[in-house]
Protein chains: 2
Amino acid sequence: MAATINDIARTAGVSRTTVSRVLNDSGYVKEETREKILKAIQELNYTPSAIARSLSTNRTNTIGVIVPEINNPFFGEIIKGISQVADEHNLNIILFNTDDTRDKELKALKILKEQRIQGIIITPTYPEDKFNREYLNTLKSLNIPVVLMDGHVEYSNFSGVFIDHIKGAFDGTMALIEEGHSKIAIITGDMNSRPARDRLTGYKNALVLNHISVNKRYIFHGNYKHESAYRITKQILDMEDRPTAIFVMSNMMILGCMKAIYEENVNVPGDIAIMGFDKVDALNIVGMNISFINGPTIEMGRTGMELLIDNLYKKGGNKELKRITLLPKLVLKGSEKYIKNKCK
Amino acid sequence: MAATINDIARTAGVSRTTVSRVLNDSGYVKEETREKILKAIQELNYTPSAIARSLSTNRTNTIGVIVPEINNPFFGEIIKGISQVADEHNLNIILFNTDDTRDKELKALKILKEQRIQGIIITPTYPEDKFNREYLNTLKSLNIPVVLMDGHVEYSNFSGVFIDHIKGAFDGTMALIEEGHSKIAIITGDMNSRPARDRLTGYKNALVLNHISVNKRYIFHGNYKHESAYRITKQILDMEDRPTAIFVMSNMMILGCMKAIYEENVNVPGDIAIMGFDKVDALNIVGMNISFINGPTIEMGRTGMELLIDNLYKKGGNKELKRITLLPKLVLKGSEKYIKNKCK
DNA sequence: TTTAAACATGTTACCGATTCCATATAATTA
DNA sequence: TAATTATATGGAATCGGTAACATGTTTAAA
């Protein structure tokens, strides 16, 4: 249906080699001929086929991106960053959303291999899954660069972009301490996950550094879901020697925590201070006095893509393993002119 | 580098046609031969090239998706829906995020044409932009199905999925009226946009139907940004004959509105009822008493993809123009067990 | 036993580009 | 003026598959 390079060649009365030269602006073409060809291209509304080009050049200029939850703004922002850099380098993105499913993740990898993409950025849902790791290794053996986003695959040799969860939690805790708090509760994520463990470590480090004893009664284990944080926060608010601050270790759990606080009519930060790991824009805007440790999501995406591109342009075995750790940023309440909570 | 069908043929001692038959499970192949071939495939870790296949079959099994803001959960959920259906039909997605930029939107369309994708789902940022409409028309003339998501392109002939903004705003207003409100303020979106105008219409329709006069002093024009709603809400709260309910016509504006309310320590819904068009999950979870008119985003994505697929499988001029309008859903406070606001 | 249908496999053209090589002419340089 | 070199274009192979067609072998029906 669509015009091909042969149609252009015929119309312009030249060989398709010459047309190709014009398309790629390579080699010698007489100005007059070039114009004839451009005219034919215009007339036939011709667009070269990336498919045919890919087959012949062995380059697709496409990368694969695999995320578990596209509707989560965390990943949305990562993709935004990836997309910006991809655009700058004229690379296309084939996107897969796995809905946290191992099957879909595996299927995505298979398809990407078929598609002869040039590289993969993946936020692995099951980093510990043997089968997938095997598959990632297969990909690696094919010399397709792989970049991990915020997901450690232990014992493997992939480049990646990571967040320094320890430092982030450390900074958050330090900030609370500097504000005068010493009774600081923490609501952790699922302790089976590496970030949850790291964050707890950061919290402890800060306490120890300040000679504050780590009180086990102040350490509560949530599971990343808002319900768990809701329940735990209620519990915290009922304690006799109630903490003066709560450090909540995820996005969704901040919401559960704030629900409890909202319900119990507790003043933040007057009665209790809240620090969150990961931001919740909505609460920021509404003006709740919550400080955040904020993972630089867009930057993660950009950095990951840059890492990938570095490797894309290196032939053969020259690909370097590079792990970049980004520091989360502390956003203190008030530093963005948060309004004081007048709700008493 | 990677093994080709010829390598498999050679290894298995057959012609590549036979290999192709095994790959596609078509035609006759002796069981014994099949096994030889499968063994070779395994040994050489062979994956067929989708590129070569696309060139020869003239099908890429890929569609293009263009969104303005991938980090906005509204689009994230649409993509989630698209992705689900795409996966069910083994279609891949090339994603473009335009950052609300006309240039990027146009560039995306060009690339998709090069990529010989089978169809496009687009949420047009500049539906009124002549150039882009021209481009969309070009695409259409190429017989590539196009599906619009929630963006009217007037006078054009594209299939699409739309939200019934009039009905949504009507339902929201009716709900408030049924709760006994008659002094209902509205904060509109940018009146240059079709949805904003439609929603205002729905609001008026409900009032008229209930013989409530449309009070111009209760109609406030915002611009979709939270700051505008913040300012307007403050203004509303200061009115002498203050409305008893506010209908806020967007996502972000709900946040601005709630900021003002939170600041002024007003009880919702005791002192004033709030209804939003578009949901804000975070506020839902925290337990603010806001009712919502909720666009069915995931369903939109699914429906759009299904619409596209319908057209994908129809040859030539048989493509049908189909516009599907989805009804937003009313989520009343309390219907999800919202906790009463005790903040007085 | 002959004949047609089913089974099994291979030959070859083609999809739409790129690219190496060959060839011819024009412009420079020796 | 002859020898180079730069300019201009085309021929043909190639990328890795698919598919129409051809051909040979079994198997089953007549």
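Chain A is the first sequence line, chain B the second, and so forth, proteins listed ahead of strands; every chain is numbered from 1.
- Comment: E43(A) engages K39(A) in a salt bridge, judged by a side-chain N to carboxylate O separation of less than 4.0 angstrom.
- For T18(B), the listed nucleotide lying nearest its side chain is dG10(C); candidates were dG16(D), dG10(C), dT19(C).
- Protein atom CD of Q115(B) is 16 Å distant from nucleotide atom P of dG16(C), rounded to whole Å.
- The side chain of T17(A) contributes no N or O atom lying less than 4.0 Å from OP1 or OP2 of dT18(C).
- Atom CZ of R53(B) is separated from atom C1' of dC15(D) by 16 Å (rounded to the nearest Å).
- Taking 4.0 angstrom as the limit, S20(A) places none of its side-chain polar atoms (N or O) nearer than this to OP1 or OP2 of dA17(C).
- Closest to the side chain of R21(B), from the set dC21(D), dG16(C), dG17(D), is dC21(D).
- Residue V14(B) is in sugar-phosphate contact alone, with no base atom involved, counting any heavy-atom pair closer than 4.0 Å across all strands shown.
- To the nearest angstrom, P of dG24(D) lies 17 Å from NZ of K30(B).
- If Y46(A) and T33(B) are placed on DNA chain C by their nearest nucleotide, the residue sitting closer to the 5' end is T33(B).
- Listed nucleotides dT9(D), dG16(D), dT18(C) differ in distance to L55(A); the shortest reach to its side chain belongs to dG16(D).
- In this model, the phosphate group of dG17(D) is not approached by any side-chain N or O of N6(B) to a distance below 4.0 Å at OP1 or OP2.
- Relative to the side chain of P48(B), the nucleotides dG17(D), dC15(D), dT19(C) differ in distance, and dG17(D) lies closest.
- Checking each of Q115(B), R116(B), K113(B), E114(B) against T47(A) for a side chain to side chain donor-acceptor pair (under 3.5 Å) leaves exactly one that passes, namely K113(B).
- With hydrogens and angles ignored, no donor-acceptor pair under 3.5 angstrom links the side chain of R16(A) to the base of dG10(D).
- Going from atom CD1 of I51(A) over to atom P of dG16(D) covers 15 Å, rounded to whole Å.
- You'll find that the side chain of V29(B) is closest to dT9(C), out of dT9(C), dT19(C), dA8(D).
- Across the protein-nucleic acid pair, E114(A) atom CD and dC15(D) atom C1' stand 18 Å apart, rounded to whole Å.
- Sequence order on DNA chain C of the closest nucleotides to G27(B) and I5(A) puts G27(B) first from the 5' end.
- Out of dG11(D), dG17(D), dT9(C), the shortest distance to the side chain of S15(A) is found at dG11(D).
- The phosphate of dG17(D) (OP1 or OP2) has a side-chain N or O of R116(A) nearer than 4.0 angstrom.
- Between R302(A) and Q84(A), the side chains place a donor N or O and an acceptor N or O closer than 3.5 Å (distance only, hydrogens not considered).
- A straight line from CD1 of I41(A) to P of dG16(C) spans 16 Å, rounded to a whole angstrom.
- No side-chain donor from either of N72(B) and K80(A) sits under 3.5 Å from a side-chain acceptor of the other.
- The pair R194(B)-D150(B) fails the salt-bridge criterion, with no side-chain N (NZ, NE, NH1 or NH2) lying under 4.0 Å from an Asp/Glu carboxylate O.
- Straight-line distance from the CG atom of N61(B) to the C1' atom of dT18(D): 14 Å, rounded to whole Å.
- Closest-nucleotide positions on DNA chain D for Y28(A) and G13(A) were compared, and the one nearer the 5' end corresponds to Y28(A).
- Looking at D7(A) and T11(A), their side chains never bring a donor and an acceptor atom within 3.5 Å of each other.
- When each of dA20(D), dA17(C), dG16(D) is scored by its nearest atom to the side-chain atoms of S56(A), the top-ranked nucleotide is dA17(C).
- Rounded to a whole Å, the CG atom of L44(A) is 12 Å from the P atom of dA17(C).
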